[in-house]
Amino acid sequence: MNLAFWKKNKDSQPKKKKSAVREWLDAGIFAIIAATLIRTFIFEAYTIPTPSMEKTLLVNDFLFVSKISYGPRIPMTPLAVPFVHHTLPFTKSAKAYSEAVQWKYRRLPGFSEIKRYDVVVFNFPEGDTVAVDSPDPSYYGQVRQLGWQTVQNSSQILHRPVDKRENYIKRCMAEAGDTLKIVHGVVYVNGQAAPVPAGSQHKYVVETTGDQLNSSRLEELGIATTSPDFYQIEGNKFLYNLTPANVAALKQFPIVKNITVYEESNYSDFNYNNIFPHDTAHYKWTDENFGPLYIPKKGATVKLDDSNIAIYDRIIRVYEGNTLERKDGKFIINGQATDSYTFRMNYYWMMGDNRNNSLDARYWGFVPEDHVVGKAWLIWMSYGEGGIRWGRLFRNIR
């Protein structure tokens, strides 16, 4: 056969032109595939919904989250509607994904490991079960306060896979293998005081000579003078939510006698059961006095006993998928009696910079490595009550 003749005749045949609808359809499919690949493997847009990281990050800061910093996580629930996280638009509970196919946790190589004091986006560890109609994001927190039956009867209950749980953003205060402790609001990692981010906030009790501080002067310093960030505790003691720079400035005021970290347990009946590991028989920790606590590292082994099983119970059963029971005074893991456990993943301790307005690891515990989404990288847009915050645009996140 004369192939050159065949090719010449084939090429000479007029090509059928695509319709405008077909061209738009092809372009749309290509755009969806390209955007999905970028969102999955390179970076993803994220919006700050709460003040838990103020003033490092503000509500309505729009971020790019780098997936390549720690290595892109391969989707564990691959059958999903593009550009939607877990719920279909205009619905409260309709799933935007199918669990017909579930892949095990895998992560491609990244540029670095998760380091202390990185700002990290991750899936909410307690988000495997959700009470849809409740404003409290933690189903387990509701159960501890109200009881299982009450929560079941008052709300629709959903279960979500790891990569379809709510996205949270916090600062990694301790990495796998570290020991963390909080003393009067100061975080210590491996015995050393952790650096305090310049934009972080903490509630302080400001004691004056008797007069209240001038609100106009406080507003000039960026200090809120409205509840819940300000109120009179008693007599000449006032509560303010302050940055380190605010504390230094207020100490120069002639009417300021003393500034101390606010500890709720000193001023009210504190519910110790709200604090991880929710075992008041062995731990009376508070949000400002906590630990010491070892952060589990892959390959490390810990001895198990009645005093620490509450710390590691969820890791063993939920995050690492084992069976665990107590029988005849012994721990039975996957049918075998044991007094120790070896971790299969690294874990991290995440806390908000706005320390007293943050639902963080002090309340729900460790973040497993398979929950990590990526590293907060860049603020590309920000707006508040006065419009666009121009000074925050294209600011790197530290």
Side-chain angles (χ1 to χ4, degrees), residues 50-57 113-122 124-126 168-206 229 239-248 251 259-267 270-272 274-279 283-297 300 308 311-312 315 346-369 371-372 375-376 397-398:
T50 70
S52 69
M53 285 294 291
E54 290 188 348
K55 297 180 178 179
T56 304
L57 296 171
E113 301 293 329
I114 300 172
K115 298 176 182 176
R116 291 185 212 105
Y117 319 127
D118 283 355
V119 179
V120 181
V121 174
F122 55 92
F124 181 37
E126 283 195 338
Y168 269 39
I169 184 168
K170 308 289 180 188
R171 190 177 297 277
C172 177
M173 295 304 295
E175 59 189 64
D178 287 341
T179 297
L180 176 139
K181 187 175 183 179
I182 306 174
V183 181
H184 299 305
V186 179
V187 178
Y188 293 85
V189 180
N190 301 329
Q192 301 294 318
V196 180
S200 68
Q201 293 187 116
H202 213 123
K203 287 184 178 179
Y204 290 86
V205 177
V206 178
D229 291 327
L239 182 140
Y240 294 93
N241 206 21
L242 307 174
T243 65
N246 294 152
V247 173
K251 285 182 177 179
I259 301 179
T260 56
V261 170
Y262 172 74
E263 298 182 36
E264 184 182 352
S265 56
N266 293 337
Y267 294 93
F270 190 83
N271 187 350
Y272 295 95
N274 285 338
I275 302 297
F276 181 82
H278 319 293
D279 177 8
Y283 301 96
K284 289 292 183 70
W285 292 347
T286 73
D287 50 352
E288 303 293 1
N289 291 281
F290 186 99
L293 178 69
Y294 171 73
I295 313 302
K297 184 179 179 66
N308 68 5
I311 292 175
Y312 303 116
I315 288 179
N346 288 319
Y347 292 82
Y348 303 92
W349 193 260
M350 308 289 187
M351 297 175 67
D353 283 0
N354 192 359
R355 196 56 52 81
N356 298 100
N357 293 313
S358 175
L359 178 65
D360 57 34
R362 293 169 294 174
Y363 301 91
W364 38 255
F366 309 107
V367 175
E369 65 178 71
H371 283 55
V372 173
K375 182 179 181 180
I397 298 169
R398 296 183 177 86

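Everything quoted here is computed from the prediction, not taken from an experiment.
- Using a 30° and 60° split on the angle between ring planes, Tyr262 and Tyr267 fall in the parallel class, below 30°.
- Every residue two or more places apart in sequence or in another chain that forms a side-chain hydrogen bond (donor to acceptor under 3.5 Å, both in side chains) with Tyr347 is listed here: Glu320.
- Residue Asn241 comes nearest to Asn246 through the heavy atom pair O-OD1, 4.5 Å, listed as atom of the first residue, atom of the second, then distance.
- Smallest separation of non-hydrogen atoms from Ser200 and Thr56: N-OG1, 3.9 Å.
- What you find for Ile315 and Pro296 is that their closest heavy atoms are CD1-CG, 3.7 Å.
- Contact detail for Phe122 and Val372: the closest heavy-atom pair is CB-CA, 4.0 Å.
- The residue from Tyr363, Trp285, Tyr283 that alone fulfils the ring-ring contact (aromatic ring centres under 6.0 Å, His included) condition with Phe290 is Trp285.
- Between Tyr204 atom OH and Leu239 atom CG the span is 11.5 Å, to the nearest 0.5 Å.
- Under the rule for a side-chain hydrogen bond (donor to acceptor under 3.5 Å, both in side chains), the partners of Lys170 that lie at least two apart in sequence or sit in another chain are Ser52, Ser358.
- For the atom pair His278 NE2 and Trp364 CH2, the distance stands at 10.5 Å (nearest 0.5 Å).
- With a 4.5 Å cut-off on side-chain heavy atoms, Leu293 and Trp349 count as touching.
- Each salt bridge (Lys or Arg N to Asp or Glu O under 4.0 Å) pair with one or both residues in residues 184-199, not counting sequence neighbours, would appear here, but there are none.
- Nearest heavy atoms, Phe276 versus Gly365: CD1-CA, 3.6 Å.
- Judged by distance alone, the side chains of Asn356 and Glu288 do bring a donor and an acceptor atom under 3.5 Å apart.
- Each of Lys55, Lys203, Glu54 was scored for a side-chain contact (heavy atoms from CB on, under 4.5 Å) with Asn354, with one residue passing: Glu54.
- Partner of Val120 under the side-chain contact (heavy atoms from CB on, under 4.5 Å) criterion, chosen from Arg171, Lys375, Met350: Met350.
- For the residue pair Gly199 and Thr243, the shortest heavy atom distance occurs at O-CG2, 4.3 Å.
- Applying the side-chain hydrogen bond (donor to acceptor under 3.5 Å, both in side chains) test to Asn190 and every residue at least two apart in sequence or in another chain returns Asp178.
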Table please: side-chain donor-acceptor pairs of residues 180-188 below 3.5 Å, with sequence neighbours left out.
{"from": "His184", "atom 1": "ND1", "to": "Glu263", "atom 2": "OE2", "distance (Å)": "2.7"}

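- Distance check, rounded to the nearest 0.5 Å: CG of Leu242 to CD1 of Ile259 gives 6.5 Å.
- Residues that satisfy the side-chain hydrogen bond (donor to acceptor under 3.5 Å, both in side chains) test with Arg362, not counting sequence neighbours, are Asp360.
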